[in-house]
**Q** 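Before I ask anything, here is the structure I am working with.
Here the structure is a predicted model, which means the values were calculated and not measured. Start at 1 and go down the list; that is how both ligands and their atoms are numbered.
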Amino acid sequence: MYIILLGAPGAGKGTQATAIAQKLNLAHIASGDLFRQALEQGTGLGRQARVYMEKGELVPDEVTTQMILERMSAPDSEKGAVLDGFPRNLEQAKALDKALAGQSRAIDRIIAISVSEEELRKRLGGRRVCRQCQTVYNIVESPPEVGGKCDKCGGELYQRPDDTAETVKKRLEVYFEQTAPLIDYYRQKGKLIEVGGEGTIDEVTRRTVAALNEGELIAR
Ligand code: AMP
């Protein structure tokens, strides 16, 4: 089973993808996390991606698609995966469809999470991420119990360098220009589920699970 989480930066894709992947026992594949890992490890892929990530632009399709398809062929993805942050434009979506068709597989559902632009800016500005386990906090709305430390693993919280105001502006532009058109692409295929992304994390998870239930992807 393959599920795609679609939404603007800050919509909560990562948080919801983690919850859904756990519930359905699927791999969670996050393109941004894979790039950040490569960057931290100082690999060629990381060096290639850095230039684009720093500017809030998309890493070239060929590099990104190859990275994701490779990750999708790992043993833990055999039963399927929740894709978070990929595809991000029409070219990537078509390349993914083609690769899956070659294995007689297809995307089962696309969950589009919508959040107002004002809320996205608020979330991204206050976002802090655990360096160790990637849990996401917001210093205003969902702060950790102890400042600067992860509640789950005690790891150090940091602000992503691309969460600064200028880069956020660019990332939102890129989203509306290149990624948002995917909503129509998948709607036409009849596989789209639209979920309101405002409210608490648990509320959004409940809405998402209910929508997947309706599509009978989760056994009642
Ligand atoms: P994210 O963590 O999903 O916000 O991604 C962080 C950055 O990684 C993006 O701003 C892009 O530079 C890059 N990136 C992540 N996913 C993709 C993708 N599917 N295509 C191209 N670039 C991506």
**Q** Among all protein heavy atoms, pick the one closest to atom 23 (C) of ligand 1 and tell me residue, atom and distance.
**A**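 Scanning the protein heavy atoms, the shortest distance from atom 23 (C) of ligand 1 goes to F35 CE1, 3.7 Å.
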**Q** Which heavy-atom pair separates T205 from A19 by the least distance, and what is that distance?
**A**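 Of all heavy-atom pairs spanning T205 and A19, the closest is CG2-CB, 3.9 Å.
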**Q** Kindly identify the option in L96, V59, T179 whose heavy atom sits closest to atom 22 (N) of ligand 1.
**A**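 Nearest option to atom 22 (N) of ligand 1, by heavy atoms: V59.
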**Q** Any nitrogen or oxygen of D33, main chain or side chain, under 3.5 Å from a nitrogen or oxygen of ligand 1?
**A**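 Such a contact does not occur with ligand 1.
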**Q** For ligand 1, which atoms sit closer than 4.0 Å to a heavy atom of T64?
**A**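 Those atoms are 18 (C), 19 (N), 20 (N), 21 (C).
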**Q** Under 4.0 Å from any heavy atom of R36, which atoms of ligand 1 are there?
**A**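 Selected atoms, number and element: 2 (O), 6 (C).
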**Q** Run the numbers on R88 and T64 for side-chain contact (heavy atoms from CB on, under 4.5 Å), then give the verdict.
**A** CA-CA 10 Å; R88 217 104 147 188; T64 307; over 6 Å; no
**Q** Quick check: are there more than 12 heavy atoms from other residues, nucleotides or ligands sitting under 6.0 Å from CD of E62?
**A**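 No, because the 6.0 Å sphere around CD of E62 holds 12 heavy atoms or fewer from other groups.
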**Q** For the residue pair E194 and S114, confirm or rule out a side-chain donor-acceptor distance under 3.5 Å.
**A**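 Checked: E194/S114 side chains show no N/O donor-acceptor pair below 3.5 Å.
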**Q** For a quick check under 3.5 Å, do Q66 and E70 share a side-chain donor-acceptor pair by atom type?
**A**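 Checked: Q66/E70 side chains pair up, N/O donor to acceptor below 3.5 Å.
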**Q** Taking atom OG of S142 and atom CZ of R123, what is their separation to the nearest 0.5 Å?
**A**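 Rounded to the nearest 0.5 Å, the OG-CZ separation comes out at 9.0 Å.
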**Q** With respect to atom 8 (O) of ligand 1, which of K13, M53, R88, R171 exhibits the smallest heavy-atom separation?
**A**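 The residue whose heavy atom sits nearest atom 8 (O) of ligand 1 is M53.
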**Q** Output the distance between atom CD1 (I3) and atom CD1 (I193), rounded to the nearest 0.5 Å.
**A**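 The distance works out to 7.5 Å.
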**Q** Could you list which atoms of ligand 1 come closer than 4.0 Å to a heavy atom of Q92?
**A**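 Listed by number with element: 18 (C), 19 (N), 20 (N), 21 (C).
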**Q** Under 4.0 Å from any heavy atom of L58, which atoms of ligand 1 are there?
**A**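 Every atom of ligand 1 under 4.0 Å from some heavy atom of L58: 21 (C), 22 (N).
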**Q** Output the list of atoms in ligand 1 that are nearer than 4.0 Å to some heavy atom of S31, sorted by atom number.
**A**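 Counting atoms of ligand 1 from 1, those under 4.0 Å from S31 are 15 (C), 16 (N), 17 (C), 19 (N).
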**Q** Report, in ascending order of atom number, the atoms of ligand 1 lying under 4.0 Å from any heavy atom of E57.
**A**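 Ligand 1 atoms under the 4.0 Å threshold to E57: 11 (C), 12 (O).
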**Q** Between K170 and E166, is there a salt bridge with N-O shorter than 4.0 Å?
**A**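 Between K170 and E166 there is no salt bridge, as every charged N stays at least 4.0 Å from the carboxylate O atoms.
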**Q** When you measure from the heavy atoms of R160 to every atom of ligand 1, does any distance fall below 4.0 Å?
**A**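 Contact check R160 vs ligand 1: positive.
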